[in-house]
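Structure, as structure tokens:
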Amino acid sequence: MKHKSRSSLFILIFLLFLVRSAYASNIVQIAMATQDIPFLLDDEGYVWAFQKPMSYEGLIKLPILNHIKNIAPYIAVDTNGNVFTWGLNFQESDWVEGELSKAGYTSPQKVEGLRGVTMIASANDNYFAAVIDKREIVDWFVNRDKSGTLTNGPRRKVISQNGIKAEAAW
């Protein structure tokens, strides 16, 4: 699986050079989610995703995400330290032999009450963490109801200390 992900990343980078002029500006960050779903951040602060991640076709700009400075799978932080999350829309997605052939995404939503975020991390589309003002780490789950609607759950303070310099995805 690791080999497939590496080769997929190389193919993705090659294809980005081909589609760059037609869609996104210069790509400054790639965040690879499970099921080999890439999310792209361009130099204008927009987040992009593929409707067909297996073949890297159907590049779309995710709505309401602008002035973004950093991304991880299914999470973004903007230049003001506001955080947004989104997920797969299962009703608009299709799988073929366990592989995601067509991806639909939920509309990104702002995580209310979370400001001053300097770093973000995710562990798929339902568990997130953020560093606030380089001194506090919080985490939270996203709840999905029967209709597939995502709601950010309550945040939990993991640690609070001055000088947090890095956070890794897990």
Side-chain angles (χ1 to χ4, degrees), residues 1-2 5-6 8-10 12-13 16 20 23-50 53 59-90 93 100 103-145 148-170:
M1 188 70 156
K2 217 174 204 185
S5 294
R6 249 189 219 156
S8 295
L9 184 59
F10 290 124
L12 171 66
I13 291 169
L16 289 176
R20 187 182 76 202
Y23 296 100
S25 294
N26 293 321
I27 302 303
V28 296
Q29 188 177 359
I30 300 172
M32 190 67 82
T34 57
Q35 297 279 344
D36 291 332
I37 301 171
F39 295 102
L40 315 171
L41 174 63
D42 72 17
D43 61 354
E44 294 180 0
Y46 295 105
V47 178
W48 299 80
F50 290 95
L59 189 62
I60 58 168
K61 184 175 8 174
L62 295 179
I64 79 164
L65 296 177
N66 52 47
H67 305 293
I68 300 300
K69 70 176 182 179
N70 194 11
I71 60 172
Y74 305 104
I75 187 170
V77 61
D78 70 11
T79 54
N80 295 321
N82 298 308
V83 175
F84 300 85
T85 61
W86 65 93
L88 280 177
N89 182 330
F90 294 125
S93 299
L100 185 65
Y105 303 98
T106 63
S107 183
Q109 59 180 327
K110 184 177 178 183
V111 180
E112 296 299 330
L114 191 57
R115 290 178 176 70
V117 171
T118 53
M119 289 178 268
I120 52 172
S122 67
N124 59 43
D125 70 345
N126 70 345
Y127 182 59
F128 302 101
V131 176
I132 303 169
D133 295 324
K134 295 183 183 178
R135 63 177 166 72
E136 183 174 282
I137 298 175
V138 297
D139 69 352
W140 69 97
F141 284 96
V142 169
N143 303 310
R144 186 183 298 264
D145 67 16
T149 303
L150 300 178
T151 306
N152 286 299
R155 286 175 302 283
R156 173 183 68 129
K157 186 186 304 186
V158 176
I159 190 171
S160 183
Q161 78 181 44
N162 288 330
I164 297 172
K165 296 186 189 266
E167 175 181 15
W170 55 97

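In what follows, every heavy atom counts, from backbone to side chain, and hydrogens, waters and symmetry copies are set aside. Just so it is clear, the structure is predicted and the values come from calculations on it, not from any experiment.
Taking OH of Tyr46 as the reference point, atom CD1 of Ile64 lies at 13.0 Å (rounded to 0.5 Å). Annotation: the span from Lys69 atom NZ to Asn82 atom CG amounts to 10.0 Å, rounded to 0.5 Å. The CD atom of Gln29 sits 4.5 Å away from the CD1 atom of Ile71 when rounded to the nearest 0.5 Å. Annotation: the span from Asn143 atom CG to Leu150 atom CG amounts to 9.0 Å, rounded to 0.5 Å. If you take CG on Leu41 and CH2 on Trp48, they are separated by 11.5 Å, rounding to the nearest 0.5 Å. Here the straight-line distance linking atom NZ of Lys134 with atom CE of Met119 works out to 6.5 Å at 0.5 Å rounding.
Distance alone, capped at 3.5 Å, places no donor-acceptor pair between the Thr149 side chain and the Asp145 backbone. Counting only distance, with no hydrogens or angles, the side chain of Asp133 and the backbone of Arg135 share no donor-acceptor pair below 3.5 Å. Proximity of a side-chain donor or acceptor of Thr34 to a complementary backbone N or O of Asn124 within less than 3.5 Å is not detected. With hydrogens and angles disregarded, no donor-acceptor distance shorter than 3.5 Å links the side chain of Glu136 to the backbone of Ala130. For Gln109 (side chain) and Trp86 (main-chain N/O), no donor-acceptor pair under 3.5 Å exists by modelled atom type.
Residues Tyr105 and Phe39 bring their aromatic ring centres within 6.0 Å.
A salt bridge links Asp125 with Arg144: the closest approach of a Lys/Arg side-chain nitrogen to an acidic carboxylate oxygen falls below 4.0 angstrom.
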Q: Determine, step by step, whether Asn152 and Thr85 satisfy the side-chain hydrogen bond (donor to acceptor under 3.5 Å, both in side chains) criterion, reporting the C-alpha distance in whole Å, the side-chain angles of both residues, the deciding distance to 0.1 Å, and the verdict.
A: CA-CA 8 Å; Asn152 286 299; Thr85 61; 3.1 Å; yes

Q. Passes side chain to side chain contact (heavy atoms under 4.5 Å, CB included), Asp42 versus Val28? Steps please.
A. CA-CA 5 Å; Asp42 72 17; Val28 296; 5.9 Å; no

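Between Ile132 and Thr118 the shortest side-chain heavy-atom distance does not fall below 4.5 Å. Counting heavy atoms from C-beta on, the side chains of Arg115 and Asn80 never come closer than 4.5 Å. A 4.5 Å side-chain heavy-atom check between Val77 and Phe84 finds every atom pair outside the cut-off. When side chains are defined from C-beta on, Asn70 does not count as touching Asp78, because their heavy atoms never get closer than 4.5 Å. Between Phe128 and Tyr74, the closest side-chain pair of non-hydrogen atoms falls below 4.5 Å.
Across every non-hydrogen atom of Met32 and Asp36, the tightest pair is SD-C, 3.7 Å. A pairwise comparison of heavy atoms in Leu88 and Thr106 identifies O-CG2, 3.9 Å as the closest pair. Nearest heavy atom pair, residue Ile68 against residue Ala76, reads CG2-CB, 3.8 Å. Counting all heavy atoms, side chain and backbone alike, Ser122 lies closest to Ala72 at OG-CB, 4.0 Å. For the residue pair Ser93 and Asn89, the shortest heavy atom distance occurs at OG-O, 2.8 Å. For Ile75 against Ala129, the heavy-atom pair with the smallest separation is CD1-O, 4.4 Å.
With no hydrogens or angles considered, a side-chain donor-acceptor pair links Tyr127 and Asp139 at under 3.5 Å.
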